[in-house]
Student: 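First the structure, then my questions, so here it is.
For clarity, every value in this text was computed on a predicted model and none was experimentally measured. Throughout, a chain's letter reflects where its sequence line sits, starting with A, and its residues are numbered from 1.
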Amino acid sequence: MNIKDILSKKVSAAMVAAGLPEGTNPALSLSNRPQFGDYQANGVMGAAKKLKTNPRELATKVVAELDLGGIASKIELAGPGFINIHLDENWLAAQLNEVAKDEFIGVAQRSVNADDKQQTVVVDYSAPNLAKEMHVGHLRSTIIGDAVVRALEFRGDKVIRQNHMGDWGTQFGMLIAHLSDKLASDEVAETALADLENFYREAKVRFDNEEGFADRARADVVKLQSGDETCAKLWQQFIDISITHSEDIYAKLNVSLKRSNIMGESAYNDDLSTVIDELMAKEIAEESQGAKVVFINEMANKDGEAPVFIVQKSGGGFLYATTDLSACRYRSGKLAANRIIIFTDARQALHFKQVEIVARKAGFLPENVGYQHCPFGMMMGDDGKPFKTRTGGTIKLAELLDEAIVRAAALIKEKNPEINDADLTEISKKVGIGAVKFADLSKNRTSDYIFNWKTMLSFEGATAPYLQYAYSRIQSIFSKAGTVNNDAVIDIIEPQEKALALKLLQLEDVVDAVISECTPNLLCNYLYELASLYMSFYEACPILKEGISDEVKSSRLALCKVVADTLKQGLDILGIETMERM
RNA sequence: GGGCGCGUAGCUCAGCUGGAUAGAGUACCUGGCUACGAACCAGGCGGUCGCAGGUUCGACUCCUGCCGCGCCCA
């Protein structure tokens, strides 16, 4: 169900009938003012410009050919050539009654057999560095990626999650050397690694100050990479425990990543030399000062100098570049991806651009496989500088989430002093975590953004609790109403009902936008607008009060049901939970 | 030095492929609970869209040049 699609096709047909070339963009959009109808088609003006004809006359012809019988109640020509479409309320109601019966609330499902083909989409997100604990900087990749993943799945695509964790590199030498000593003095790995941040700091201090430790650490890296069993075992212990830390965060955040989605950097080890061999054999890479490099001519500057992309260091070591190239091949080959999406911060934009160019040239990424790096900005403090604690440390994600839950609990207790502990625990978790996620997901900027405890943990205005509250209010009505008539027919009488219906029928359009541009903030905006329209409806259109006829009552209850389903489903895509009472 | 991104209300941010009078939230002010849950609703205040040109019937949106900030590669 996509109103915009339906109208676009109709207007396109009318444009062709009026003599415009096939494929002219009808430029359909939502009207921004009630007097301009519900949707407007602005394409005639652009087309008239190209043909050097009078836009108004052309629009008159298009309107004459435009057949919206049964769909629109009024079509108006305005200004230089705007075509304003007022939708028929009966048509809207009929569509909504269909949607009400659909388990996907009107969102068409892609599948292998459908015209709208299912795609296999590999999504690379979260990817924390296992050497340390997850901090606030990992929030964006994790939750934005997860929201896009769920949106893709809701639309019917096949998604393969890939958690490209940082589980390899020189720092692990220092960590396993330190771990080895801890275990030798009878400490249990779980205890030693209970606080990863501490552990890392201790190891770093030894590395910088302790005689001989740095050499040991470097030696351990070499041993680890050459397959030494003792080192490998220590490394595995470290990795396993660190992963458990991440899993705790994922569970708390309601993020769908599982251990089976982990495909860390180390997983590509065995393939790296092959990647280099192939690049050399295809004469894409060449030797330069002992290293293997690719000169990227596609990105040459005005003087014809191509940037250098190093794929193997002069000492023989591999880099992120090598791993990412290997990942391209694995994902398009073994995983059979039609599309690859990677969520990392914006600082890596150039890197991934170069990876794509090289991977395409090497055939690791066939032309028909999409490769989309989705960047986002860093988290900054109030001073506009990278976000740190007072002592200059990073803020642990776990601590932020706990703080959110504590604040939510205080608020809930204040609003509802009688609440029992079990409910309080559950609700404060959903509200607190939801607030943090929504605050972040609702922002679209690829540039940096200001982190602020107050706004992030706010429970008023355009926040997750507002949406959760709308949902709970509806549930409250249902429980008061008693039995709900499932065959009830929705009628549109009041303007608030029409506004709600129109909004509800835009879900597929919004989900598609989220999927194609990887921008969950569009869904956040949509859900906020939906909830807001519901709140207005709630004030203006009584349901259970005296004097409301059975027909109106059951119609409004049915409307409430679609709103509730849409809110729940939409929030679920964002990984935000709803509740009956709050 | 080269490249990428950003500058919109006091603050935090929307603004879809160029469209009609630039929108929300927050803060501030005014109303609304003998209750379908006030974590709410209705209304008000608040903008030279960084600056200057250009293209266009029409520019926050596209182009050019500055200014400021951030990042990446040297």
Student: Between A:Met579 (CE) and B:A39 (P), how many Å, whole number?
Tutor: 14 Å
Student: Taking protein heavy atoms under 4.0 Å as touching, what does nucleotides 16-26 of chain B look like 5' to 3' if B marks base contact, S marks sugar-phosphate-only contact and - marks none?
Tutor: -BBBBB-SSSS
Student: Please confirm whether the backbone N or O of A:Leu411 pairs with a side-chain atom of A:Lys415, one donor and one acceptor, at under 3.5 Å?
Tutor: no
Student: For A:Ile543, which contact category applies under a 4.0 Å heavy-atom criterion: base, sugar-phosphate, or nothing?
Tutor: base
Student: Under the side chain to side chain contact (heavy atoms under 4.5 Å, CB included) test, which residues partner A:Ala346, sequence neighbours left out?
Tutor: A:Pro375
Student: Considering every strand and a 4.0 Å limit on heavy-atom distances, what is the contact class for A:Glu580: base, sugar-phosphate, or nothing?
Tutor: base
Student: Applying a 3.5 Å limit to both distances, which nucleotide forms a Watson-Crick or G-U wobble pair with B:A27?
Tutor: none
Student: To the nearest angstrom, how far is A:His373 atom NE2 from B:C72 atom C1'?
Tutor: 12 Å
Student: Checking all strands, does A:Ile548 fall into the base, sugar-phosphate, or nothing category for heavy-atom contacts under 4.0 angstrom?
Tutor: nothing
Student: Just how far, in rounded Å, is P of B:C13 from CD of A:Glu529?
Tutor: 19 Å
Student: Is any side-chain N of the basic residue among A:Glu76 and A:Lys74 closer than 4.0 Å to the acidic one's carboxylate O?
Tutor: yes
Student: Would you mind telling me which of B:A14, B:C72, B:G37 lies closest to the side-chain atoms of A:Leu350?
Tutor: B:C72
Student: Check the distance between B:A38's C1' and A:Leu411's CG and give it to me in whole angstrom.
Tutor: 13 Å
Student: In whole Å, measure the gap between the C1' atoms of B:G54 and B:G46 for me.
Tutor: 32 Å
Student: Using the side-chain heavy atoms of A:Ser472, tell me which of these nucleotides is nearest: B:G37, B:A39, B:A14.
Tutor: B:G37
Student: Just to confirm, is there a sub-4.0 Å distance from OP1 or OP2 of B:A38 to any side-chain nitrogen or oxygen of A:Arg473?
Tutor: yes
Student: Work out how far the C1' atom of B:C16 is from that of B:C11, and round it to whole angstrom.
Tutor: 26 Å
Student: If pairing requires Watson-Crick or G-U wobble contacts with both distances under 3.5 Å, which nucleotide is the partner of B:C62?
Tutor: B:G54
Student: Check every atom of B:C41, B:A14, B:G37 against the side chain of A:Ser476 and return the nucleotide holding the closest atom.
Tutor: B:G37
Student: Need the pair for B:U21. Rule: Watson-Crick or G-U wobble, both distances under 3.5 Å, any strand; none if unpaired.
Tutor: none
Student: Considering every strand shown, what is the Watson-Crick or G-U wobble mate of B:C33 when both distances are under 3.5 Å?
Tutor: none
Student: If you measure from the C1' atom in B:G58 to the same atom in B:C66, how many Å do you get, rounded?
Tutor: 26 Å
Student: Using the P atom as the point on both nucleotides, what is the distance between B:A9 and B:C49, in whole Å?
Tutor: 10 Å
Student: Taking B:C72 as the reference, what is the distance to B:U64 when you measure between their P atoms (whole Å, please)?
Tutor: 25 Å
Student: Tell which nucleotide pairs with B:G46, taking only Watson-Crick or G-U wobble pairs whose two distances are both under 3.5 angstrom.
Tutor: none
Student: Return the 5'-most residue of the pair A:Phe459, A:Pro542 with respect to RNA chain B, ranking by each residue's nearest nucleotide.
Tutor: A:Pro542
Student: In this structure, how many angstroms lie between the P atom of B:C73 and the CZ atom of A:Phe352, rounded?
Tutor: 13 Å
Student: Return the set of residues passing ring pair (Phe, Tyr, Trp, His ring centres under 6.0 Å) with A:Tyr466 (not counting sequence neighbours), or none when no residue passes.
Tutor: A:Tyr528
Student: Choosing from B:G15, B:C72, B:G37, which nucleotide comes nearest the side chain of A:Arg347?
Tutor: B:C72
Student: Nearest-nucleotide wise, let me know which of A:Tyr469 and A:Gln354 is further upstream toward the 5' end of RNA chain B.
Tutor: A:Tyr469
Student: Using the P atom on both, measure B:U48 against B:G23 and round to a whole Å.
Tutor: 15 Å
Student: On a whole-Å scale, what distance lies between the C1' atoms belonging to B:A14 and B:G47?
Tutor: 15 Å
Student: Just jot down the ring pair (Phe, Tyr, Trp, His ring centres under 6.0 Å) partners of A:Tyr469, sequence neighbours excluded, or say none.
Tutor: none
Student: Taking salt bridge (charged side-chain N to carboxylate O under 4.0 Å, His left out) as the definition, give me every residue that meets it alongside A:Lys430, ordered by chain and number, with sequence neighbours left out.
Tutor: A:Glu426
Student: Minimum heavy-atom separation for A:Leu279 and A:Val311, please, with both atom names.
Tutor: CD1-CG1, 4.2 Å
Student: In this structure, how many angstroms lie between the C1' atom of B:C13 and the CZ atom of A:Arg140, rounded?
Tutor: 12 Å
Student: Does A:Glu403 pair with A:Arg407 as a salt bridge, N-O distance under 4.0 Å?
Tutor: yes
Student: For B:A14, which nucleotide in any strand shown is its Watson-Crick or wobble partner with both distances under 3.5 Å?
Tutor: none
Student: What interatomic distance, in whole Å, is found between C1' of B:C69 and the corresponding atom of B:C28?
Tutor: 30 Å
Student: Roughly how many Å is it from CD in A:Glu305 to P in B:G3, rounded to a whole number?
Tutor: 12 Å
Student: Applying ring pair (Phe, Tyr, Trp, His ring centres under 6.0 Å), name anything that partners A:Tyr371, two or more places apart in sequence or on another chain.
Tutor: none
Student: Are A:Arg140 and A:Asp345 ion-paired here, with the side-chain N under 4.0 Å from a carboxylate O?
Tutor: no
Student: Going by purine N1 to pyrimidine N3 plus the second Watson-Crick contact, or the G-U wobble pair, all under 3.5 Å, which nucleotide sits opposite B:G1?
Tutor: B:C73
Student: Kindly write out the residues that satisfy side chain to side chain contact (heavy atoms under 4.5 Å, CB included) with A:His135, not counting sequence neighbours, or none if the list is empty.
Tutor: A:His138, A:Thr394
Student: Listed by chain and number, what are the ring pair (Phe, Tyr, Trp, His ring centres under 6.0 Å) partners of A:Phe36, not counting sequence neighbours?
Tutor: none
Student: Only pairs with both distances under 3.5 Å count, Watson-Crick or wobble alike; so what is the partner of B:A39 in this structure?
Tutor: none
Student: May I have the distance from A:Phe309 (atom CZ) to B:A74 (atom P), rounded to whole angstrom?
Tutor: 11 Å
Student: For nucleotides 30-35 of chain B, print each protein N/O atom paired with a nucleotide N/O atom at under 3.5 Å, atom names and distance only.
Tutor:
none

